[in-house]
Amino acid sequence: MATTVESLDTARLPGTGRRLVEEGLLSEEQAVDALGKASELGRTFTSHLVRESLIEPNGFAHVAADEFGLPLLDLNAMDLRDAPGELVKEDLMRKHLVLPIMKRGKRLFVAVADPTNQSGIDEVAFTTGLNVEAVLAGADAIGQAIDRMMAGSNQAFEELTAGDEDLESLSFEANQQEQESVEESSDDAPIVRFINKVLVDAIRKEASDIHFEPYEDTYRIRFRMDGVLKTQMQPPSKMSSRLSARLKVMANLDIAERRVPQDGRIKLNISKNRAFDFRVSTCPTLWGEKVVLRILDGSGAFLGPEKLGFEPHQKDVYLESIGKPYGMVLVTGPTGSGKTVSLYTALGLLNDEGRNISTVEDPVEIRMPGINQVQQNTKQGLTFAKALRSFLRQDPDIIMVGEIRDIETAEIAIKAAQTGHLVLSTLHTNDAPQSITRLANMGVPPYNIVSAVHMVMAQRLARTLHKCKVPEDDLPAAALKKTGFTDEEIEEGLNLFKAKGCNLCNEGYKGRSGVFQVMPVTEEIEQIILAGGTALEIEQQSKKEGIIDLRRAALNKVKSGSISLVEMNRVTKD
């Protein structure tokens with residue numbers, strides 16, 4: 001015989017249920033029926049009422065606030081523009097009907113419709129890494145607040161990407177499966193369009209790097225153009241986590257890992273014949289993950305030596321050095337000074353069917369057909385030194401090492417250069433003479449240095465003046481002499497120029513040109529090295545032999561009108 005509702009003992013109802021019946025918000029029959037259904041579905045009584053919308057939300061919220069001792073908020077009366085919505089994904093908010101409303105230090109206050117939904121609160125705490133404190137609000141008010149929050153964010157991105165109709169048609173090769181699932185979500189479509197716009201804008205403006213930077217109250221995106229960073233846009237700061245998550249999906253990184261740096265790669269196909277690689281690096285900061293993209297355009301490797309910025313005699317020494325069948329050529333300079341392009345220009349000249357060329361780099365920035373390129377992977381034990389040993393067993397003609405960082409790599413590279421191989425590599429020193437002493441300080445014996453190294457080249461990249469340049473105002477002779485010009489040059493007259501700026505350039509500059517110190521290791525310099533001489537002694541000898549340093553090379557470019565005095569002082573020292 002079926003049990004009727006009237007025969008059930010309403011005392012079985014939880015306290016919240018009895019209160020709701022007493023307040024007239026539920027009938028006894030509805031309450032008992034809801035209790036049975038909740039039990040069948042494995043839910044709490046309160047959770048079932050909220051999920052199935054069996055009760056008027058505001059009335060339930062008032063009763064639940066009294067029963068559970070939680071404060072009750074009227075979300076419709078709150079300004080949620082500064083709410084930290086970026087901390088919790090939209091699908092998580094809607095799944096558990098939770099809304100982040102305020103963050104104070106390590107505490108995150110969230111509005112909840114169901115105070116018994118501890119699993120939802122725990123999930124928010126896990127994903128944010130914060131201590132979550134709940135307050136009550138009506139289920140309908142939370143849903144409407146989520147709609148307003150997402151609509152405001154999406155509208156901001158739609159405005160930023162307005163007018164770019166082809167952004168969704170771009171093709172990315174990295175992590176295609178995850179990317180397609182993201183792009184199919186209407187909630188993330190504005191983020192997809194916005195990121196695509198940033199990447200395309202950076203390519204159009206010939207930027208070398210893109211910086212996505214979160215701060216406490218702001219978020220900025222900067223492009224490095226001609227070696228200098230410049231702010232391009234400032235999207236809403238609450239979008240920080242969505243932007244970084246999108247970039248990490250594109251680069252095939254772990255979007256759940258926000259505590260340690262990660263590295264990845266994105267490939268963007270602009271057309272059938274043009275593609276760009278982006279090297280992606282994430283770093284956790286105080287206010288979120290900073291993401292930096294290095295734009296790798298393979299066409300930069302085929303500039304040709306005449307376009308690098310050499311002076312005529314420097315070009316001759318460069319071509320002679322890389323044309324030798326064995327020995328070592330070192331290129332030195334700070335990060336971003338164009339060392340990789342100089343080396344790949346050499347490889348492009350040497351790359352033919354008759355030579356076996358291998359490179360090991362960290363990372364491989366430019367991909368070149370016909371060359372065996374190896375990516376260093378320290379975690380897997382593939383170091384520069386181990387790759388070099390492998391190369392020597394593979395009948396090499398030319399070897400390129402991304403950087404000589406330690407004595408083990410240096411010794412193997414030197415040995416390769418002494419045994420009939422041409423070795424190209426880089427160091428991080430201020431000028432060419434210091435590279436010699438750097439090898440000695442690593443522990444390479446002087447006799448090995450002189451028998452292997454036959455040319456060292458230091459370089460910088462200086463912004464080139466655009467054709468809108470204007471003559472520099474008359475400068476005192478004393479100031480020009482202090483800058484480095486000789487008395488003869490000053491007496492003859494100098495036609496110097498400075499940046500002006502127009503619609504076709506970047507604040508008066510367009511493109512960059514190399515500034516070089518090309519120092520062959522002559523017999524006299526070899527004697528100084530064997531005697532344990534200093535970098536200063538090597539520099540003095542090189543000047544006697546007519547080798548110009550970086551400052552003099554930059555002065556020559558100022559005289560020719562290709563760079564300004566300001567730019568010369570930025571990239572070189574007195």
Side-chain angles (χ1 to χ4, degrees), residues 172-179 209 244-245 247-268 275-285 289-296 298 301 328 330-331 335-336 339-340 343-344 347 351 356-417 419 421-428 439 442-444:
F172 297 92
E173 293 188 7
N175 203 20
Q176 191 70 27
Q177 183 176 356
E178 286 191 62
Q179 177 197 330
D209 301 86
S244 62
L247 290 166
K248 289 163 73 174
V249 166
M250 295 168 69
N252 201 16
L253 302 178
D254 183 358
I255 61 173
E257 180 56 76
R258 303 177 182 176
R259 297 165 296 178
V260 297
Q262 298 185 66
D263 295 295
R265 198 179 189 101
I266 299 170
K267 185 169 186 179
L268 167 62
F276 287 84
D277 285 331
F278 296 83
R279 190 182 76 204
V280 183
S281 173
T282 73
C283 182
T285 69
E289 285 184 289
K290 175 176 179 178
V291 185
V292 177
L293 276 62
R294 167 65 59 87
I295 304 175
L296 309 174
M328 179 180 287
L330 292 174
V331 182
T335 301
K339 299 187 298 295
T340 300
L343 289 177
Y344 266 94
L347 293 180
N351 186 17
N356 176 19
I357 304 176
S358 298
T359 75
V360 54
E361 303 166 74
D362 182 25
V364 177
E365 295 191 6
I366 299 171
R367 299 179 182 182
M368 183 178 288
I371 293 179
N372 308 292
Q373 297 173 284
V374 175
Q375 168 77 50
Q376 182 192 233
N377 189 336
T378 306
K379 291 183 179 179
Q380 301 299 322
L382 181 56
T383 61
F384 282 138
K386 185 167 287 187
L388 274 174
R389 289 194 182 95
S390 175
F391 290 168
L392 291 175
R393 294 191 292 270
Q394 298 228 325
D395 185 29
D397 294 298
I398 300 169
I399 296 172
M400 189 187 93
V401 187
E403 182 184 350
I404 294 178
R405 298 175 178 172
D406 52 55
I407 181 60
E408 183 181 14
T409 305
E411 286 178 341
I412 301 171
I414 291 285
K415 178 182 177 182
T419 54
H421 310 95
L422 178 64
V423 179
L424 311 178
S425 189
T426 71
L427 282 173
H428 283 288
L439 289 175
M442 281 185 182
V444 179

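When reading the values below, keep in mind they use all heavy atoms of this one structure, side chains included, and skip hydrogens, waters and symmetry mates.
The minimum heavy-atom distance between Pro284 and Pro261, with the atom names listed, is CD-N, 3.8 Å. Nearest heavy-atom pair across Ser244 and Val291 is CB-CG2, 4.1 Å. Gln373 approaches Ile366 most closely through the heavy-atom pair NE2-O, 2.6 Å. For the residue pair Ile399 and Ala416, the shortest heavy atom distance occurs at CD1-CB, 4.3 Å. Between Ile266 and Leu247, the shortest heavy-atom distance links the atoms CD1-O, 4.1 Å. Ala410 and Met442 make their closest contact through CB-SD, 4.2 Å (heavy atoms, listed as atom of the first residue, atom of the second, distance).
Distance OG1/Thr359 to CG/Leu343: 10.0 Å, rounded to 0.5 Å. Separating the CD atom in Glu411 from the CG atom in Asp406 is a distance of 9.5 Å, to the nearest 0.5 Å. For the atom pair CG of Leu382 and CG of Asn377, the computed distance is 6.5 Å after rounding to the nearest 0.5 Å. Rounding to the nearest 0.5 angstrom, the gap separating the SG atom in Cys283 from the CD atom in Gln262 is 11.0 Å. In this structure, Asn356 CG and Asn372 CG are separated by 5.5 Å, a value rounded to the nearest 0.5 Å. Note that the NZ atom of Lys415 and the CG atom of Leu388 stand 11.5 Å from one another [nearest 0.5 Å].
Qualifying salt bridge (Lys or Arg N to Asp or Glu O under 4.0 Å) partners for Glu408, counting only residues two or more places apart in sequence or in other chains: Arg389. Remark: Asp254 pairs with no residue by the side-chain hydrogen bond (donor to acceptor under 3.5 Å, both in side chains) rule, at least two apart or across chains. For Thr335, there are no side-chain hydrogen bond (donor to acceptor under 3.5 Å, both in side chains) partners, not counting sequence neighbours. Annotation: salt bridge (Lys or Arg N to Asp or Glu O under 4.0 Å) contacts of Lys386 (sequence neighbours excluded): none. For Ser425, the side chain to side chain contact (heavy atoms under 4.5 Å, CB included) partners two or more places apart in sequence, or in a different chain, are Leu330, Val401, Ile404.
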List the steps and the verdict of side chain to side chain contact (heavy atoms under 4.5 Å, CB included) for Leu424 and Val331. CA-CA 8 Å; Leu424 311 178; Val331 182; over 6 Å; no
Go through the steps to decide whether Ile295 and Leu293 satisfy the test side chain to side chain contact (heavy atoms under 4.5 Å, CB included), and finish with yes or no. CA-CA 6 Å; Ile295 304 175; Leu293 276 62; 5.5 Å; no
The test is side chain to side chain contact (heavy atoms under 4.5 Å, CB included); show your working for Lys290 and Val292 and say whether it passes. CA-CA 7 Å; Lys290 175 176 179 178; Val292 177; 3.6 Å; yes
Check the pair Leu439 / Leu427 against side chain to side chain contact (heavy atoms under 4.5 Å, CB included), numbers first and verdict last. CA-CA 9 Å; Leu439 289 175; Leu427 282 173; 4.3 Å; yes
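Within the structure, every pair that satisfies the salt bridge (Lys or Arg N to Asp or Glu O under 4.0 Å) test and touches residues 390-404, not counting sequence neighbours, is listed here: Glu403-Arg405.
Although no hydrogens or angles enter the test, the distance criterion places no donor-acceptor pair under 3.5 Å between the side chain of Glu361 and the main chain of Met400. With hydrogens and angles ignored, the 3.5 Å screen pairs a side-chain donor or acceptor of Asn351 with a backbone N or O of Pro369. At distances below 3.5 Å, at least one donor-acceptor pair connects side-chain atoms of Lys248 with backbone N or O atoms of Glu257.
Counting only heavy atoms from C-beta outward, the side chains of Ile414 and Met328 approach each other to under 4.5 Å. With a 4.5 Å cut-off on side-chain heavy atoms, Ile412 and Phe384 do not count as touching.
Of the candidates Lys267, Arg294, Arg265, Arg265 is the only one forming a salt bridge (Lys or Arg N to Asp or Glu O under 4.0 Å) with Asp277.
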